[in-house]
Novice: 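First, the structure itself, so that you have it in front of you.
The figures that follow rest on heavy atoms only: side chains count, while hydrogens, waters and symmetry mates do not.
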Amino acid sequence: MNASRAARIRLVHGIALLATGLLAGAFGYGAANLAPTFDAVPQNMRFDFHTELMKVNGITMQAAMAVSALSSLALAVLMRGRHRAVAAVACAFTITSFLVTRFGNVPINGRIKQWAVHGASADTAELLRRWELFNITRTLTAVVAFTLLIGLALRPRVAEVDRAAALSPSAR
């Protein structure tokens with residue numbers, strides 16, 4: 001592998017790790033801290049806070065998901081063999097996080113905005129339970145994507161393995 005290609009792979013991999021780590025961390029923080037807090041406060045307070053949080057959260061989380069997916073896809077294009085497949089699977093998990101968010105959490109967020117203004121409806125408890133299940137799902141898919149990218153970062157480089165094998169006493 002030439003130095004220019006190796007440098008591109010390191011750069012793209014770094015971007016993928018950063019974006020996916022931020023995504024997994026943000027979702028993880030939300031699942032571990034925000035969701036239980038939502039359950040501990042009065043429902044109207046939850047609805048108000050949730051509505052305000054979504055105003056800023058939507059932009060940052062969508063950006064993190066987009067950069068994570070695109071950089072993982074670029075990494076898959078740049079890599080070869082099994083490493084390409086791992087990067088592609090990481091991309092697929094990030095896209096899954098996006099799809100769960102877009103088609104699971106976001107519609108329920110819209111209902112939560114309505115509840116903040118007009119009060120809870122008969123199906124509130126069921127929809128909040130579904131929101132939490134979607135939240136856990138998108139968190140796990142983001143963590144799996146991040147774990148796969150970490151695994152790629154920790155893999156031995158082919159050149160280093162070849163060099164180590166050439167220097168080992170058993171190779172002589």
Novice: After noting the C-alpha distance and the side-chain angles of Ser72 and Thr94, does the key distance pass the side chain to side chain donor-acceptor pair (under 3.5 Å) rule?
Specialist: CA-CA 9 Å; Ser72 296; Thr94 301; 4.7 Å; no
Novice: Measuring from atom CG of Asn105 to atom CE of Met54, what distance do you get when rounded to the nearest 0.5 angstrom?
Specialist: 8.5 Å
Novice: State plainly whether one hydrophobic cluster holds both Phe27 and Leu18, where clusters connect Ile, Leu, Val, Met, Phe, Trp and Tyr through side-chain heavy atoms under 4.5 angstrom apart.
Specialist: no
Novice: In Å, rounded to the nearest 0.5 Å, how long is the span from CZ of Phe98 to OG1 of Thr141?
Specialist: 12.5 Å
Novice: Using residues 85-92 as the side-chain source, report each donor-acceptor pair under 3.5 Å to any protein atom, sequence neighbours left out, with the distance given to one decimal.
Specialist:
none

Novice: Using a 4.5 Å cut-off on heavy atoms from C-beta on, say whether the side chain of Leu152 contacts that of Leu75.
Specialist: yes
Novice: Less than 4.5 Å apart, any side-chain heavy atom of Thr101 and any of Met61?
Specialist: no
Novice: Applying the side chain to side chain contact (heavy atoms under 4.5 Å, CB included) criterion to Val100, which one of Leu140, Thr137, Ile95 satisfies it?
Specialist: Thr137
Novice: Please determine whether residues Phe103 and Leu23 belong to a single hydrophobic cluster, defined as Ile, Leu, Val, Met, Phe, Trp and Tyr linked transitively by side-chain heavy-atom distances below 4.5 Å.
Specialist: yes
Novice: Hey, what do you get for CG (Leu22) to CG (Leu17), rounding to the nearest 0.5 Å?
Specialist: 10.5 Å
Novice: Identify, with sequence neighbours excluded, every residue that meets side chain to side chain donor-acceptor pair (under 3.5 Å) alongside Gln114.
Specialist: none
Novice: Closest heavy-atom contact between Ser68 and Ala19?
Specialist: N-CB, 3.6 Å
Novice: Clusters formed by hydrophobic residues whose side-chain heavy atoms approach within less than 4.5 Å: which one holds Val67, and what are its other members?
Specialist: Leu11, Ile15
Novice: Please list every donor-acceptor pair under 3.5 Å in which a side-chain atom of residues 127-135 meets a protein atom from a residue at least two apart or in another chain.
Specialist:
from   : atom 1 : to     : atom 2 : distance (Å)
Arg129 : NE     : Glu126 : OE1    : 3.2
Arg129 : NH2    : Glu126 : OE2    : 2.8
Trp131 : NE1    : Asn109 : OD1    : 2.9
Asn135 : OD1    : Arg138 : NE     : 3.0
Asn135 : OD1    : Arg138 : NH2    : 3.0

Novice: Side-chain donor-acceptor pairs under 3.5 Å in residues 33-40, sequence neighbours left out?
Specialist:
from  : atom 1 : to    : atom 2 : distance (Å)
Asn33 : ND2    : Tyr29 : O      : 3.4
Thr37 : OG1    : Asn33 : O      : 2.6
Asp39 : OD1    : Arg46 : NH1    : 3.4

Novice: Do you know which two heavy atoms are closest between Leu149 and His13, and how far apart they sit?
Specialist: O-NE2, 2.9 Å
Novice: Of all heavy-atom pairs between Phe47 and Ala120, which one has the smallest distance, and what is that distance?
Specialist: CE1-CB, 4.2 Å
Novice: I'd like to know if Leu148 and Ile9 are part of one continuous hydrophobic network [Ile/Leu/Val/Met/Phe/Trp/Tyr, side-chain heavy atoms within less than 4.5 Å].
Specialist: yes
Novice: What residues, two or more places apart in sequence or in another chain, satisfy side chain to side chain donor-acceptor pair (under 3.5 Å) together with Ser71?
Specialist: none
Novice: Nearest 0.5 Å, what's the NE2-CE distance between His50 and Met45?
Specialist: 15.5 Å
Novice: Is Met65 reachable from Leu70 through a run of hydrophobic residues whose side-chain heavy atoms are each under 4.5 Å from the next?
Specialist: no
Novice: According to a 4.5 Å side-chain heavy-atom criterion applied to Ile, Leu, Val, Met, Phe, Trp and Tyr, with indirect links allowed, do Phe93 and Ile150 form part of one hydrophobic cluster?
Specialist: yes
Novice: Could you check whether atom CG of Leu154 has more than 12 heavy atoms from other residues, nucleotides or ligands sitting under 6.0 Å from it?
Specialist: yes
Novice: For the residue pair Ser121 and Arg111, what are the closest heavy atoms and their distance?
Specialist: OG-NH2, 3.3 Å
